[in-house]
Amino acid sequence: MSDRERDIYDVVGVGFGPANLSLAVALEESRSQGGDRGGISSLFLERQASFGWHRNMLLPSATMQISFLKDLVTFRNPTSSFSFISYLHASGRLPQFVNNQDFFPTRQEFHKYLEWAQSRVADRIVYGSEVRSIRPASPAAPERSNLLRVEVTDTAGRDSRTVMARNVVISTGLVPSMPEGAERDDRVWHSSEFLEKYRRMNRRELHRVAVAGAGQSAAEIVRFLYDELPHAQVCAVVPSYGYSIADDSPFANQVFDPSAVDDYYFGSPETRNAFWRYHRNTNYAVVDDDVIRGLYRRSYDDEVQGDRRLEFLNLTRVTGVKRVGTETRLSLQRGPDAEVRELDVDVLVCATGYDAMEPTGLLGDLDGLCRRDEAGRYRVERDYRIVTEPEMRCGIYLQGGTEHTHGLTSSLLSNLAFRSGEIVGSIAARRAAIDAGTVALTTEAGGDISAGAVGTPLPR
Ligand code: FDA
Ligand code: NAP
């Protein structure tokens, strides 16, 4: 155990994807600019052995779904040395990138950018470390604890240790969702494990593959399998009549602006419903225009050639999966009252989406100090801190799992830069107030102390 793992940290980040990477950079910039009155100490714990952002979906031609300007920092600090443009400059590719005239880099290039950024804050990250639980440091009077105990094991499950934190920022990401009755195995995969499982297969054994879902993951995997397996039949099991386009037109795209968070957070229940009713199609169960057109073109060309390798089973859902010999037998249903049809395939890929981040398991007994709304969801302050019992001094911040309070950007990259600045501002302001003995510990709906952090970028 190294010294830094014995210390007490102002912030311990749980999970180190783009969200907590953005926070690490915001903390670094705050420190170097003297914006946090003496430095906020931090440690980030990540269960993967090295940095990886949805590695199993780094398909060759997949592009980003946001502009490169929505990187880790630019919306908070356009002059940051951690921007995507700085990365391009450092890599000697800035002119070439500009010649491309494209706002949307490939996911592979963005991954390289994230790796470059994390290497510059590497002294604060411990990879191969899975957080198992977060507990109050004083079990006898948990609500009065000044510190949290973060219990960590290495990924092999051998070495356990404890890290102490004044605040935790939980950012453990989306949770893969499978169709009911479908268990993952070596022939039934979720899209989140796609490349890893695909690489283990003998491609010559794949004669018929099925992909369930009508979102971006499904469409990208269908395109990949069709191109990679010229001898195979690819069946797309699509619950809609056909893939629908992701609305990224300028007015609709405003739902991802930093200011939309306030409109959502402070909006009435009707306002929040309107966000979902009108703008769910900016993100869920939708596909980028170029991917849709590329798939249609392939399908049409097949028709011209009289060789239909790409089959779209529309209005259809996977309702069951079982193993029959070496075959995987799918139950497919075209509408709830329709007859069940069976289809044997070599592999089923379930690109069936994700559930929101859910920190309850990590919080254990601490969860009892966290307040919930009538629907059983966490109540969350505007500064992304869970509303806790009023005496509790430790902050439990969420990056993810806040769609019900902060809106559509909760699980996305669009608002990372700005949100990280808000969280750093909140932690610094709370610490100053606690030191001065003036802190109002739970404020809800952006009252006093958290209001200072709302929408306030770090000083530059
Ligand atoms: P993310 O899931 O990236 O990271 C969470 C990390 O926590 C992981 O590294 C995980 O290993 C770690 N972890 C989990 N539990 C842990 C524990 N107990 N202890 C320690 N570590 C733990 N959005 C967007 O705006 N634009 C885009 O282009 C895309 N593209 C995209 C592609 C694909 C294939 C998917 C599936 C999703 C997207 N998204 C997206 C949405 C996506 O949620 C977003 O890009 C980020 O991954 C969100 O970053 P986070 O850091 O919150 O989660
Ligand atoms: P998603 O958008 O939630 O789509 C899941 C799809 O699976 C939906 O069409 C859903 O239909 C369908 N489905 C669920 N159960 C099913 C069943 N039993 N049978 C058949 N279909 C079923 O998930 P996603 O495509 O993984 O996207 C998740 C996030 O990742 C999004 O933010 C997306 O933009 C992002 N992403 C980005 C990239 C990129 O950057 N290039 C690539 C992939 C994903 P219903 O809605 O009808 O249930």
Side-chain angles (χ1 to χ4, degrees), residues 13-23 44-59 61-67 70 104-107 110 114 126-134 150 152-153 155 170-182 190-192 194 210-221 236-240 243-244 246 256 280-288 291 313 315-321 330-333 348 350-357 359 361-362 398-401 408-416 419:
V14 181
F16 199 69
N20 268 346
L21 171 54
S22 175
L23 180 71
F44 292 87
L45 301 162
E46 166 57 49
R47 68 180 172 199
Q48 295 185 83
S50 59
F51 184 83
W53 174 56
H54 300 299
R55 272 185 190 277
N56 286 319
M57 283 293 291
L58 285 181
L59 304 174
S61 43
T63 55
M64 294 299 294
Q65 295 199 292
I66 48 161
S67 156
K70 291 188 174 179
F104 303 98
T106 61
R107 288 200 58 238
F110 206 77
L114 297 174
V126 188
Y127 287 106
S129 296
E130 173 149 7
V131 173
R132 294 302 175 100
S133 70
I134 304 167
V150 181
V152 193
T153 60
T155 312
I170 302 176
S171 185
T172 49
L174 296 165
V175 181
S177 162
M178 293 289 284
E180 217 168 294
H190 186 265
S191 54
S192 58
F194 176 68
V211 181
Q216 184 72 18
S217 298
E220 286 183 7
I221 290 172
V237 183
V238 177
S240 54
Y243 300 118
S244 294
F256 301 117
R280 200 175 185 279
N281 69 342
T282 53
N283 186 49
Y284 289 105
V286 286
V287 181
D288 285 347
V291 180
L313 305 176
L315 299 174
T316 305
R317 303 183 79 86
V318 172
T319 55
V321 184
L330 314 185
S331 302
L332 302 176
Q333 220 169 353
L348 166 68
C350 298
T352 43
Y354 295 81
D355 294 325
M357 183 180 97
L362 282 179
L398 300 180
Q399 295 219 71
L408 273 155
T409 49
S410 167
S411 68
L412 301 175
L413 305 178
S414 328
N415 196 39
L416 283 193
R419 182 173 72 194

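For ligands, and for the atoms within them, numbers begin at 1 and follow the listed sequence. For this chain, numbers begin at 1 and follow the sequence in order.
Listed by number with element, the atoms of ligand 2 under 4.0 angstrom from any heavy atom of Leu412 are 32 (O). Atom numbering of ligand 2 starts at 1 in the shown order; those under 4.0 Å from a heavy atom of Ala214 are 6 (C), 8 (C), 9 (O). Residue-ligand proximity, Ala19 to ligand 1, at heavy-atom distances under 4.0 Å covers atoms 49 (O), 50 (P), 51 (O), 52 (O).
In this comparison of Val152, Thr172, Val14, the heavy atom closest to atom 14 (C) of ligand 1 sits on Thr172. Of the candidates Arg55, Met57, Arg47, Arg47 brings a heavy atom nearest to atom 13 (N) of ligand 1.
In this structure, Gly400 does not count as a contact residue of ligand 1, since none of its heavy atoms falls inside 4.0 Å of the ligand. For Ser129, the heavy-atom gap to ligand 1 drops under 4.0 angstrom.
Distances between N or O atoms of Tyr354 and those of ligand 1 include no value under 3.5 Å. Checked by distance only, ligand 1 and Arg107 stay at 3.5 Å or farther apart across all their nitrogen or oxygen atoms. Considering both main-chain and side-chain atoms, Asn20 never comes within under 3.5 Å of ligand 1 through any nitrogen or oxygen pair.
Only the backbone of Leu45 comes within contact range of ligand 1, with a heavy atom under 4.0 Å; no side-chain atom does. Both the backbone and the side chain of Ala285 come within 4.0 Å of ligand 2, counting heavy atoms alone. Of the heavy atoms in Arg107, only side-chain atoms (C-beta onward) come closer than 4.0 Å to ligand 2. With a heavy-atom cut-off of 4.0 Å, Ala351 touches ligand 2 through its backbone alone. Proximity of Leu174 to ligand 2, defined as any heavy-atom pair under 4.0 Å, is not found for any part of the residue.
Scanning all protein heavy atoms for the shortest distance to atom 48 (C) of ligand 1 gives Ser411 O, 3.7 Å.
Put simply, atom 39 (N) of ligand 1 has no protein non-hydrogen atoms near it, under 4.0 Å away. Taking a distance limit of 4.0 Å, we find that atom 36 (N) of ligand 2 is approached by some protein heavy atom. When distances from atom 29 (C) of ligand 2 to the protein are checked, no heavy atom turns up under 4.0 Å.
Within the 4.5 Å cutoff, side-chain heavy atoms of Pro18 are placed close to those of Leu114.
Looking at residues two or more places apart in sequence or on another chain, you find a ring pair (Phe, Tyr, Trp, His ring centres under 6.0 Å) between Phe51 and His111. Residues satisfying the side-chain contact (heavy atoms from CB on, under 4.5 Å) test with Thr155, not counting sequence neighbours, are none.
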Pair Tyr354-His190, ring pair (Phe, Tyr, Trp, His ring centres under 6.0 Å): steps then yes or no: CA-CA 10 Å; Tyr354 295 81; His190 186 265; 5.2 Å; yes
